[in-house]
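Just so we're clear, the structure is a prediction, and the values are computed from it rather than from any experiment. Scope of the values below: all heavy atoms of this structure, side chains included, with no hydrogens, waters or symmetry mates.
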Amino acid sequence: MTEPNQNSESADSLLWLQRWYASHCDDEWEHERRVRIQTMDNPGWLVEIGLVDTHLELLRIDLVELGEWDDPNYVEYSVADAKFRGFCGADELGRLVGFFRKVWEQHKPLE
């Protein structure tokens with residue numbers, strides 16, 4: 001079970017993702033560069049976020065694994081081929097989205 005502080009961070013990450021997505025919608029981007037969130041049968045989540053036409057389009061991050069598949073708190077993600085792709089346990093969706101947020105913000109171009 002997650003701690004209360006983690007729940008607040010998870011909710012914040014999901015709200016951030018909603019805003020991030022909306023900020024990229026321009027009547028074209030959203031038709032091809034989708035955000036996909038779906039359940040898996042282990043149980044858990046799959047998240048794929050298209051990065052074409054963003055500053056992360058050419059970024060590559062090898063697989064980061066936090067925990068094992070049989071651990072309900074596992075999270076893993078990578079960035080390749082202009083796509084963020086991650087998997088996590090059933091209670092870790094917000095945490096996984098939080099890793100995408102960190103990647104996005106850490107690689108943001110200087111203004």
Side-chain angles (χ1 to χ4, degrees):
M1 182 151 197
T2 57
E3 298 295 318
N5 190 29
Q6 272 187 306
N7 286 334
S8 140
E9 288 175 29
S10 293
D12 184 51
S13 292
L14 293 172
L15 179 60
W16 178 88
L17 181 63
Q18 291 173 180
R19 290 178 179 157
W20 178 89
Y21 174 76
S23 75
H24 285 81
C25 292
D26 63 3
D27 292 329
E28 291 183 31
W29 181 89
E30 64 273 18
H31 293 283
E32 296 182 31
R33 290 132 187 113
R34 301 175 193 213
V35 174
R36 183 172 97 176
I37 300 173
Q38 70 183 51
T39 58
M40 298 186 310
D41 62 0
N42 59 334
W45 297 96
L46 160 67
V47 174
E48 291 182 336
I49 302 172
L51 301 172
V52 172
D53 293 333
T54 75
H55 67 273
L56 297 183
E57 183 172 8
L58 301 176
L59 182 67
R60 177 163 180 83
I61 297 176
D62 291 330
L63 185 65
V64 175
E65 296 177 277
L66 305 166
E68 301 291 327
W69 276 89
D70 57 352
D71 175 356
N73 298 319
Y74 84 92
V75 171
E76 68 177 53
Y77 65 91
S78 62
V79 177
D81 303 322
K83 187 179 289 186
F84 175 93
R85 184 176 171 106
F87 302 92
C88 64
D91 291 335
E92 300 300 324
L93 180 59
R95 185 170 165 225
L96 176 58
V97 170
F99 283 113
F100 172 66
R101 181 181 185 177
K102 286 178 186 174
V103 167
W104 181 264
E105 291 174 351
Q106 287 175 352
H107 294 89
K108 200 177 248 185
L110 298 175
E111 295 179 11

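Atom CG of D81 has 12 or fewer neighbouring heavy atoms from other residues, nucleotides or ligands inside a 6.0 Å radius. Within 6.0 Å of CD on E105 lie more than 12 heavy atoms contributed by other residues, nucleotides or ligands.
Closest approach of L96 and G86 over heavy atoms only: CD2-C, 3.6 Å. Across H55 and H107, no two heavy atoms sit closer than the pair CD2-O, 2.9 Å. A80 and R60 get closest at one heavy-atom pair: CB-NH1, 3.0 Å. Residue V97 comes nearest to S13 through the heavy atom pair CG1-O, 3.4 Å, listed as atom of the first residue, atom of the second, then distance.
Contact check for V103 versus I61: side-chain heavy atoms found under the 4.5 Å cut-off. When side chains are defined from C-beta on, L66 does not count as touching Y74, because their heavy atoms never get closer than 4.5 Å. W104 is not listed as a side-chain neighbour of I49, based on a closest heavy-atom distance of 4.5 Å or more.
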Evaluate the side-chain contact (heavy atoms from CB on, under 4.5 Å) criterion for residues L46 and R36: first the C-alpha distance (whole Å), next the side-chain angles of each, then the deciding distance (0.1 Å), finally the verdict.
CA-CA 8 Å; L46 160 67; R36 183 172 97 176; 3.1 Å; yes
Verdict with supporting geometry, L51 and V79, side-chain contact (heavy atoms from CB on, under 4.5 Å)
CA-CA 9 Å; L51 301 172; V79 177; 3.8 Å; yes
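With values rounded to the nearest 0.5 angstrom, M40 atom CE is found 7.0 Å from C88 atom SG. Distance NZ/K108 to OG1/T54: 11.5 Å, rounded to 0.5 Å. Note that OG of S10 and CD of E92 are 7.0 Å apart. Values are rounded to the nearest 0.5 Å.
Aromatic ring orientation, Y77 versus F99: parallel (interplanar angle below 30°, classes split at 30° and 60°).
When atom types are taken as modelled, the side chain of R95 and the backbone of G89 share no donor-acceptor pair closer than 3.5 angstrom. In this structure, the side chain of W45 engages the main chain of A90 through a donor-acceptor pair within 3.5 Å.
Taking the six-membered ring where the residue is Trp, the centroids of W20 and F100 are separated by under 6.0 Å.
If you chain together hydrophobic residues whose side chains sit under 4.5 Å apart, F84 and V64 fall into the same group.
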